Amino acid sequence: MASIDTAIYVKPPSRASAYLDWLQMLTGAGLIAFMWSHMVLVASVNLGVNVMNTIAHFFEATYMAQVGGPLIGATMLFHFILAARKIPFTTGEQGSIWRHAKMLHHQDTWMWVVQAVTAMIILIMGSVHLWTVLTDLPITAAKSAARIQGGFWMLFYLILLPMVELHVGIGFYRIGVKWGFVKADGRKKFKRSENILTAIMIFIGLVTIIRFATLAI
Amino acid sequence: MSRQLKFNIFRYNPQDPASVPHADTFLLEETPSLTLFIALNKLREEQDPSLMFDFACRMAICGSCGMVINGRPGLACRTLTSDLPAEITLMPLPVFKLVGDLSVDTGTWFRATNSKIESWIHTDQEFDPGAAEERMENALAESIFELERCIECGCCVASCGTANMREDFVGAFALNRMARFIMDPRDKRKDADYFEVVGTDQGIFGCMGLLACEDVCPRSIPLQDQLGLLRRKMGFIALKSIFKRKG
Amino acid sequence: MAYETFYSDLVCIGAGLAGERVAVEAAAAGFKTILLSLVPPRRSHSCAAEGGMQAALGNCAMGEGDSPDVHFADTVKGSDWGCDQECARIFADTAPVAVREAGHWGMPWNRVEAGKALCFKGGVCFEVDEKPEKQGLITARAFGGTAKWRTCYTSDGTGHTLLYTLDNKVTELGITVHDRVEAVSLIHDGETCQGLVARCLKTGALRVYLAKAVLIATGGYGKLYSETTNTVINEGGGQIVALDTGLVPFGNPEAVQFHPTGVVPTNILVTEGCRGDGGTLLDVNQERFMHIYEPEKAELASRDVVSRWMMHHIREGHGVPSPYGPHLWLDIRHLGEKHITTRLREVYDTCRHFLGVDPITQLIPVRPCHHYSMGGVRINKDGYAYGLKGLFSAGESACWDMHGFNRLGGNSLAETIVAGRHIGRQLVEYLKGAEATLRTDLARQAVAKDEARIKRIIAGSDGKESVYEVRNAMQQVMMEGVGIFRNGTDLQKAVDDLQVIYARSKKVGLKSSGIGANPELAMAIKISGMLRLALCVAYGALQRTESRGAHAREDYPARNDRDWLTRTLAYWRDENGDLPQLEYEPATKVFHLPPGDRGYGKCEIICREEMSE
């Protein structure tokens, strides 16, 4: 053969990329499941203060909140570190992806930019939220309402809510198409459903925030 | 009523010390069934003979004329101006090295990448001129052809977020090519061999799933499905190896 | 004057199928090989071949009983006895091996599917029963001028797929490829070819390649015509550098093929496979007409014959009027959606994207247009160019000459890898015996000469003629005077006009700066060479006072085997002259098949004197 190098690098076979990609997807999927359950829990206040308190109490009595809460925090951080392998941190890379997205007029590319940006915000605000809630157990509707009615937290959650829902919704869509669970012919429909789902989630979230804001303490 | 078309075209001649990257504006009367192939040749022949761009087959099968047309990578030869607004902005494909103006060096890039992924049938079997051919199901031949239709125009690479950020990413074209070889029983490579080539962050796990490749591919190659398939396959090969090691 | 020099055993000018196939043979034998190409090899015009390649495998039911002998006879009849029968024999015998070899390298040939299937011929449906024992073997489709279904294919992307398969092989062997390089002149000492001067189309710099052997595989010279299916790079670069030596003849320049089904107005090819698979040609009344002229073969007579009848039918007033002149219709609607979207996929895409026509429900506007160059660098049966040692050629650029005056559909793709394989092996033998005495002094002289010429063009020292105007004038003359139907008056006028345009071409000066990969300069460097080729074509056609294959003289309608069973050899010996010197040689040294009736294309034949058997 004409092109045999006399010296080559011998690289041990590595499966790290594959494992990390699995973990990124699985942590992502786990967090999506958590966030949607979380929404159900919080939104239960709309059905009545007692409904929410009962559910919250259940999680605390079984120590799921005390153990699960920090676990979720850790998963979130882990997921961030995994996904950060793909997020541009150098200015050069940020410049190229920004120019690229602006040039391309391509929805899925913009969606990814949204994912990357919301990731940063969620990392900070989500941690703050976790810390605040977990250092002040038990969770009750009254305490949540009091926080919201303070004013600052209202604004805080009005920002965090869409960030989380966008990130989760897009992430859900991305897992589906990236791993081939959703085929090309189903993609358009899947994307539309995902968008609708995100909108519904944000809507429920807003209703819930309003509910807390107007809840008599 | 014919439109007056306004072309904003990226200009830069790297061989000319006096040249700096800029955009030139050209005006052209639109004629019926005008394609960018005809338009650009008119501009070169009538307005600026130094204008550099690439065409060969002019029928969308050689892949020479990939360029960014109003923001989207596509084949200029089969783009009708009637499908575009009156103002048309043309840029060279990103990722690839610039030869000049709209012309980029896709040849070197694709050859290097094809070499890297070992894009050929690996077999120990010697060809026997006297023997009948090995049999194959027609359906399989057609499936291979479906992926083999890629013309290496570079649109998928140019529209890829990862490829734009990271030089060593092989791009959807290469992953599709590997999928084609994995499907082909004549290629005797084993799972581990394929994994070594594409089971990395330069390969399938570098793909972030933005799917611009799928959306711009002028040949409508099923890239999304092939990428999904490849990710699962490579993922499971890695998982299996955990259990193998334990066993 | 600084220039880069590359040394190699073999340099191939052109990296389409023929060039790559030869390179594979040389590299596999351990010889250093460099492939030069105007474009990345995978963008070569080979990729535009659609319908398939002929090889007598005889696997499909309609190909049963086929053999290289039948293929050989079809090829000779197709050539109107203008071919070299030794080459046609080598070709027909080797084609099946070449097809299988490509399959071994990964070519996804379509395969036989056992059982009954519905097929069409001339718009009429009939049933074919494929045998179970043939299941999974390489299948074939019908093409024009063939006795059997013999054209092996992958959908209608056969050229594309074959080119990628071969380029994969080139990648595997690690053969050096320099793309975007254009040959400017050959370096030789009057006896042996030493290499070439080339221009880098990335930087504009001249460079030198010195090698024991040089192969020309640059394809045809279709861009002498404006209406052609050829790519924009088929400008005859290989023929120009060979002719310019004054030593190597241009064989049968006047043998130019017009394809029946170029799309109107873009001249994009729709494959002969459309008619092979049962498509029909319709006139303004949407009625078939080919069966009237050719009762036996109808739409599937050879290309020269179908093209002529189509033009005849249009001249009789049966064409469909359009802003681009009258045309005819190609009808493949009855083949059905599944067939069209799988086996005629490119046609389907082309029609929709370039015409806005859906061929499943609509008719395709077609008209004959220039398609193929049977003539080229004259070589012997082993690929050695006449007149210069160490120079070889293969594929469409060569006049090997298995096509004579008309090439059968499916025989060009086949020629690339069959001749490539055969000539590659002969070239390896040559290289084994060749010692290099590479003359750097000749290289220096050649570069100096080319550089001086280029400087004059950039500066406009000889004039300020626009290269594009000169080219357009040439193409127009060729279309008008040297087309499907030819006659003495028009040909004489064409030659006269071309001489005037040739003089203008020597006065071309640039409008732009000429710095770097300047496209105007690239065209200006070769324009006078293109005119020399055009003059060979027109003058060769003027002198050939007979009709044979694609060369149809209205003033000499008979095929004249008595005087013209010959091959034209055009030399350009006088650098300052404006006409080639024509010589002739017998069309073939041996007759396996004596001249006779083709079985299609009514034509009077003037018989040669009885030969002693």
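These numbers were taken from a predicted model, which means no experiment stands behind them. Chain naming here is simple, since letters A, B, ... match the order of the sequence lines and numbering starts at 1 in each.
- The part of F181(B) that comes within reach of chain C is its side chain, from C-beta onward, which places non-hydrogen atoms under 4.5 angstrom from that chain.
- Of the two parts of S19(B), neither the backbone nor the side chain holds a non-hydrogen atom closer than 4.5 Å to a non-hydrogen atom of chain C.
- H45(C) is not listed as a side-chain neighbour of C57(B), based on a closest heavy-atom distance of 4.5 Å or more.
- Proximity to chain B is limited to the backbone of M107(C), based on heavy atoms less than 4.5 angstrom apart.
- The candidate from G100(B), G63(B), S115(B) with the greatest count of non-hydrogen atom pairs under 4.5 Å with chain C is G63(B).
- Nearest heavy atoms, G107(B) versus P40(C): CA-CG, 3.5 Å.
- For the residue pair S103(B) / R180(C), a side-chain donor-acceptor distance below 3.5 Å is found, with atom types taken as modelled.
- The local environment of NZ in K97(B) is sparse, with at most 12 non-hydrogen atoms from other residues, nucleotides or ligands closer than 6.0 Å.
- Atom SG of C47(C) sits about 8.0 Å away from atom CE of M59(B), to the nearest 0.5 Å.
- Ranking D184(B), T79(B), D54(B) against chain C, the residue ahead of the rest is D54(B), based on heavy-atom pairs under 4.5 Å.
- Contacts with chain C were tallied for D128(B), I144(B), D105(B); D105(B) has the most, counting heavy-atom pairs under 4.5 Å.
- Chain B forms the most heavy-atom pairs under 4.5 Å with one residue out of T229(C), V170(C), V112(C), and that residue is T229(C).
- The contact between E113(C) and chain B is made entirely by side chain atoms (from C-beta outward), counting heavy-atom distances below 4.5 Å.
- The choice from L269(C), T161(C), V263(C) that makes the most heavy-atom pairs within less than 4.5 Å of chain B is T161(C).
- Among the candidates L521(C), V99(C), V97(C), the residue making the largest number of heavy-atom pairs closer than 4.5 Å to chain B is V97(C).
- Most heavy-atom pairs under 4.5 Å with chain B: of the set D179(C), I233(C), L137(C), this distinction falls to L137(C).
- Donor-acceptor pairing under 3.5 Å is recorded for the side chains of E133(B) and N59(C).
- Judged purely by atom type and a 3.5 angstrom limit, R58(B) uses its side chain to pair as donor or acceptor with the backbone of N267(C).
- With a threshold of 4.5 angstrom between heavy atoms, C77(B) approaches chain C through its backbone and through its side chain.
- Neither the backbone nor the side chain of S44(C) has a heavy atom closer than 4.5 Å to any heavy atom of chain B.
- Put simply, the side chain of R111(C) never gets that close to the backbone of A139(B): no donor and acceptor are under 3.5 Å apart.
- In this structure, E142(B) and R345(C) have side chains that are not in contact, with every pair of non-hydrogen atoms separated by 4.5 Å or more.
- Across all their heavy atoms, R421(C) and F127(B) have their closest contact at NH2-CE2, 4.2 Å.
- L98(B) has its side chain out of reach of K202(C): every pair of non-hydrogen atoms, C-beta onward, lies at least 4.5 Å apart.
- Ranked by heavy-atom pairs shorter than 4.5 Å toward chain C, the options P129(B), A60(B), S64(B) are led by S64(B).
- With a 4.5 angstrom heavy-atom cutoff, T158(C) does not touch chain B via any of its atoms.
- Taking both residues in full, the closest heavy atoms of Q135(C) and R135(B) are given as O-NH1, 2.8 Å, listed atom of the first, atom of the second, then distance.
- Here CZ of F37(B) is found 10.0 Å from OG1 of T266(C). Values are rounded to the nearest 0.5 Å.
- Contact of the R352(C) side chain with the R78(B) side chain is not registered, since no non-hydrogen atoms from C-beta on lie closer than 4.5 Å.
- Shown here for Y324(C) and P32(B), the closest heavy-atom pair between the two residues is OH-O, 4.1 Å.
- Of the two parts of R149(B), the backbone and the side chain both hold a non-hydrogen atom closer than 4.5 Å to a non-hydrogen atom of chain C.
- Contact check for W105(C) versus I121(B): no side-chain heavy atoms found under the 4.5 Å cut-off.
- Proximity to chain C (any heavy atom under 4.5 Å) is shown, for D101(B), by neither the backbone nor the side chain.
- Here the straight-line distance linking atom CH2 of W120(B) with atom OG1 of T165(C) works out to 14.5 Å at 0.5 Å rounding.
- The closest side-chain heavy-atom distance from E45(B) to N472(C) is below 4.5 Å.
- Few gaps surround NZ on K464(C); more than 12 heavy atoms of other groups in view lie less than 6.0 Å from it.
- With Y164(C) contributing its side chain and I151(B) its backbone, the two residues share a donor-acceptor pair below 3.5 Å.
- Side-chain contact of N168(C) with S119(B): a donor-acceptor pair under 3.5 Å is present, judged by distance alone.
- Chain C forms more heavy-atom pairs under 4.5 Å with one residue of A141(B), A56(B), P14(B) than with any other, namely A56(B).
- In this structure, the portion of E134(B) lying under 4.5 Å from any heavy atom of chain C is its backbone and not its side chain.
- Within 6.0 Å of CD in E29(B) there are more than 12 heavy atoms belonging to other residues, nucleotides or ligands.
- Considering only heavy-atom pairs separated by less than 4.5 Å from chain B, the leading option among L163(C), I138(C), T342(C), T350(C) is I138(C).
- Without hydrogens or angle criteria, N13(B) side chain to G516(C) main chain gives no donor-acceptor distance under 3.5 Å.
- Each of C150(B), A132(B), A131(B) has some count of heavy-atom pairs under 4.5 Å with chain C, and the biggest count is that of C150(B).
- Separation of atoms OG1 (T154(C)) and CD (E146(B)) is listed at 12.5 Å; rounding is to 0.5 Å.
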Let me see the working for Y468(C) and R44(B) under side-chain contact (heavy atoms from CB on, under 4.5 Å), right down to the final yes or no.
-> CA-CA 9 Å; Y468(C) 297 113; R44(B) 180 192 275 174; 3.2 Å; yes

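- Put simply, the side chain of R186(B) gets close to the backbone of G106(C): a donor and an acceptor are under 3.5 Å apart.
- Expressed to the nearest 0.5 Å, how far OG1 of T35(B) lies from NE2 of H353(C) amounts to 13.5 Å.
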Just do the side-chain contact (heavy atoms from CB on, under 4.5 Å) check on E126(B) and H104(C) with the steps written out, would you?
-> CA-CA 9 Å; E126(B) 287 286 320; H104(C) 184 73; 5.9 Å; no

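- For P41(C) against R111(B), the heavy-atom pair with the smallest separation is CG-NH2, 3.5 Å.
- Within the 4.5 Å cutoff, the side chain of N114(B) has heavy atoms near those of the R42(C) side chain.
- Using a 4.0 Å cut-off between charged nitrogen and carboxylate oxygen, K511(C) and D48(B) do not count as a salt-bridge pair.
- Taking 4.5 Å as the limit, every side-chain heavy atom of F354(C) sits out of range of all side-chain heavy atoms of S33(B).
- Contact of D16(B) with chain C is made through backbone and side chain together, with heavy-atom distances under 4.5 Å.
- With respect to I61(B), the side-chain contact (heavy atoms from CB on, under 4.5 Å) criterion is satisfied by exactly one of E346(C), R43(C), H160(C): E346(C).
- Taking chain B as the reference chain and counting heavy-atom pairs below 4.5 Å, the highest number among L510(C), D167(C), N518(C) is found for D167(C).
- Summarising the geometry of S50(B) relative to S512(C), their closest heavy-atom pair is CB-CB, 3.6 Å, with the distance given to 0.1 Å.
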